[in-house]
Amino acid sequence: MRTLLTHREYFSRKNKAKFWTMDFEGINDSLGHFGRYQKYVFSLACIGFLIPALSVVSITFVGNPVKHRCVVPNCDDNSTYYNEMFTEWAIPEGDQCHVWALVNITDQCEPDVFLNTTTSCSQWVYDTSLFSATTVTEFDLTCGKAWLRPLAGSIYMTGMLVGAIVIGDLADRFGRKKGILMSALIQAVGGVISALSPDYYIFLLMKFFIGAGSSGLILVIYVLAVEFIGVKWRTFCGIIIQISFALGEAMTGVLAVFIRDWRWLQVAVTAPALLLISFNWLMPETIRWLVAVGRTDEAKMIIQRIARANNVDVPRHLLDNHNMESGPVDGTLSLTSSNIELVNETRQETKIKKTVIDLLRTPVMRMRSLNMFFCWVVCTLVYYGLSSTTISLGGNIFVNFIAMMLVEIPSYVFTFLVLDRLGRKASLSFMFLLGGVTCFISGFIHEGSYWLVVVLSLFGKFGISAAFAVVFIFSTEIFPTECRSVGVGACSMCARLGGILAPFIASLADIYKPLPLLIFGVLSLVSGCLTVFLPETAGCELPQTLQESKAFGSDQSIWYFACCSSCHKTSTGEENVAADV
């Protein structure tokens, strides 16, 4: 068994890799950008992408805020249920945290023994007609402790943020397959321990680790697939793998239909990650990473294996020429690299490393960067917020949830079909406005027309899911080449902030039912309006430096859209290849 590299060995091999590079695109051309072997790897990646999706939205059912009421002294015993006749005179209408006080110490349960003054309670009776047990019923997350319920979703998102950074770095050091193995173990073990949690705080701690493992699986599997697929197929495969993710989210709703106890459901959505341990044998290590750490002989063996599977030959000079420059071969996996690889082939690294501060120095880039940061926050907040609000829309929550997840599939297909035709700015603005208008209107619809609220919410999820797909691509083109990684990385960090806030915004439905939808609608509308201030990038030569960014888009008016006229080339920079993929 190969031992793990020490820090010194890792960086030694990484420096050595500068002299042992390969013409990766030349090899892709010879092997085929999406041949039989690449399809095999991508199929496994789609399966792998489905599994972490199960846990991303599981808190909707695991922490479902079931109906509850106070335990009524003298009336409740071990045989009573949530809906009892005595609640009409013993509990204030619509009050889940108080009970009418008793006249005096008595064992009677009659209307005349209760006063018109209320007293708080410390025990509750829960409606178990829908779920036999959730974290709310298990740990009494009601009344004064109700704020702890959405905290689980925020902790999960915090874990995803940390996992993306830490596991991404470890996958760079020890390989993509090791990253998948580590992430799968973290998610599965964390899920099982969370299901056995004796108190809510241990459950929250485990949610952090589950989030970290899920994020690691998503990022590492995605990057592994991207590093095997040629640039011509990356946008298409990026859409298909997102469809797999949506199917995984919908599968959570299917599992919840049959598993109504939160502990068993928690195991059902996390334990399948153990199946991904088999990727250590089924999946090959990526050629780019092997070359990056100096293991070129293994890289050549994998290239020859792919060639045999695809029934093609690779010219020997592509394997023997180690001096050809081909952009960074370190395959850096971080919070951002997987998004950048979706649209642009990796470019040559700049010598001077840029930071977020550089993006905020000039008025032009400051406006564009802050605008894009806000778009990412809104995308994530509304995306996960709408997923959480399915429990308060009315009707069958399982049908609502599954529909809310599956509506992402047509949104991704729609995005793929119109993105190059409408352009980035028009597409993003339209999707935000669609999501904003439908969410905002649904907030004013009478509760009796819950089906209309559900339909409008589905349109809102359609719009925001499509906006999420567009903003991934748009942000990689807005930032110049020399600071693209740091720019998209900052966007992704802002996105996690939206994910952390989403559960708390969704929980505002307990105060005023339409409030979350109104907030989602307003934020989406604001983002849709702010998007028009960004320059169009579709079909344009993109700037390579911050200096070139000042001139980029200067000949475009605020109301300029690529779908209305041909795009001008405003800088002598990098050509936008996303539209041609």
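We use all heavy atoms of the structure for the numbers below, so side chains are in, but hydrogens, waters and symmetry mates are not.
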Val407 and Phe459: CA distance, side-chain angles, deciding distance, side chain to side chain contact (heavy atoms under 4.5 Å, CB included) verdict: CA-CA 8 Å; Val407 77; Phe459 274 102; over 6 Å; no
Leu456/Cys439 under side chain to side chain contact (heavy atoms under 4.5 Å, CB included): CA gap, chis, key distance, verdict: CA-CA 7 Å; Leu456 289 173; Cys439 286; over 6 Å; no
Trace of the side chain to side chain contact (heavy atoms under 4.5 Å, CB included) decision for Ile210 with Gln266: CA-CA 10 Å; Ile210 296 170; Gln266 187 70 12; 3.2 Å; yes
CA sep, side-chain torsions, deciding dist, call: Thr389, Leu386, side chain to side chain contact (heavy atoms under 4.5 Å, CB included): CA-CA 5 Å; Thr389 57; Leu386 284 175; 4.1 Å; yes
Trace of the salt bridge (charged side-chain N to carboxylate O under 4.0 Å, His left out) decision for Lys461 with Glu408: CA-CA 7 Å; Lys461 184 65 178 298; Glu408 295 181 32; 3.1 Å; yes
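Between the side chain of Ser442 and the backbone N or O of Val453, no donor-acceptor pair lies under 3.5 Å. No side-chain donor-acceptor contact under 3.5 Å links Ser429 to the backbone of Ala426. Looking only at distances, a side-chain donor or acceptor of Thr438 sits under 3.5 Å from a matching main-chain atom of Gly460. Side-chain atoms of Ser388 come within 3.5 Å of backbone N or O of Tyr384 as a donor-acceptor pair. The closest donor-acceptor contact from the side chain of Lys425 to the backbone of Val532 lies under 3.5 Å. At least one donor-acceptor pair closer than 3.5 Å links the side chain of Thr134 to the backbone N or O of Asn64. Listed for the Thr60 side chain is a donor-acceptor partner under 3.5 Å among the backbone atoms of Val57. Side-chain atoms of Ser369 do not come within 3.5 Å of backbone N or O of Arg366 as any donor-acceptor pair. No donor-acceptor pair closer than 3.5 Å links the side chain of Gln242 to the backbone N or O of Tyr412. In this structure a side-chain-to-backbone donor-acceptor pair under 3.5 Å is missing from Ser215 to Gly211.
Residues Arg368 and Pro535 are in side-chain contact: their nearest non-hydrogen atoms beyond the backbone lie under 4.5 Å apart. By the 4.5 Å heavy-atom criterion applied to side chains, Leu265 and Thr252 are not counted as neighbours.
Phe444 pairs by the ring pair (Phe, Tyr, Trp, His ring centres under 6.0 Å) definition with Phe440, not counting sequence neighbours. Residues forming a ring pair (Phe, Tyr, Trp, His ring centres under 6.0 Å) with Phe401 (at least two apart in sequence, or on another chain): Phe61. Scanning for ring pair (Phe, Tyr, Trp, His ring centres under 6.0 Å) contacts around Phe208 gives an empty result, with sequence neighbours left out. Looking at residues two or more places apart in sequence or on another chain, you find no salt bridge (charged side-chain N to carboxylate O under 4.0 Å, His left out) involving Glu249. Partners of Thr142 under the side chain to side chain contact (heavy atoms under 4.5 Å, CB included) rule, at least two apart in sequence or in another chain, are His68, Trp124, Tyr126, Val136. When the side chain to side chain contact (heavy atoms under 4.5 Å, CB included) test is applied to Phe139, the partners found at least two apart in sequence or on another chain are Thr135, Leu141, Tyr200, Trp262, Arg263.
Nearest heavy-atom pair, Thr531 versus Ser527, reported as atom, atom and distance to 0.1 Å: OG1-O, 2.7 Å. The two residues Phe49 and Ser244 make their nearest non-hydrogen contact at CB-OG, 4.2 Å. Closest of all the heavy-atom pairs between Leu217 and Ala184 is CD2-N, 3.8 Å. Taking both residues in full, the closest heavy atoms of Leu517 and Ser457 are given as CD2-OG, 4.0 Å, listed atom of the first, atom of the second, then distance. Between Arg149 and Gly63, the shortest heavy-atom distance links the atoms CD-O, 3.3 Å.
Environment of CE in Met251: sparse, with no more than 12 heavy atoms of neighbouring residues, nucleotides or ligands closer than 6.0 Å. Residue Phe209 qualifies as open at atom CZ: its count of foreign heavy atoms under 6.0 Å is 12 or below.
For Ser55 and Ser214, the side-chain atoms include at least one donor-acceptor pair closer than 3.5 Å.
The CD atom of Gln187 sits 8.0 Å away from atom CG of Leu54, with the distance rounded to the nearest 0.5 Å. The CG atom of Leu508 lies 11.0 Å from the CG atom of Leu518; values are rounded to the nearest 0.5 Å. Here CZ of Phe373 is found 10.0 Å from OG of Ser475. Values are rounded to the nearest 0.5 Å.
Under the 2.5 Å SG-SG cutoff, Cys375 and Cys491 do not qualify as a close cysteine pair.
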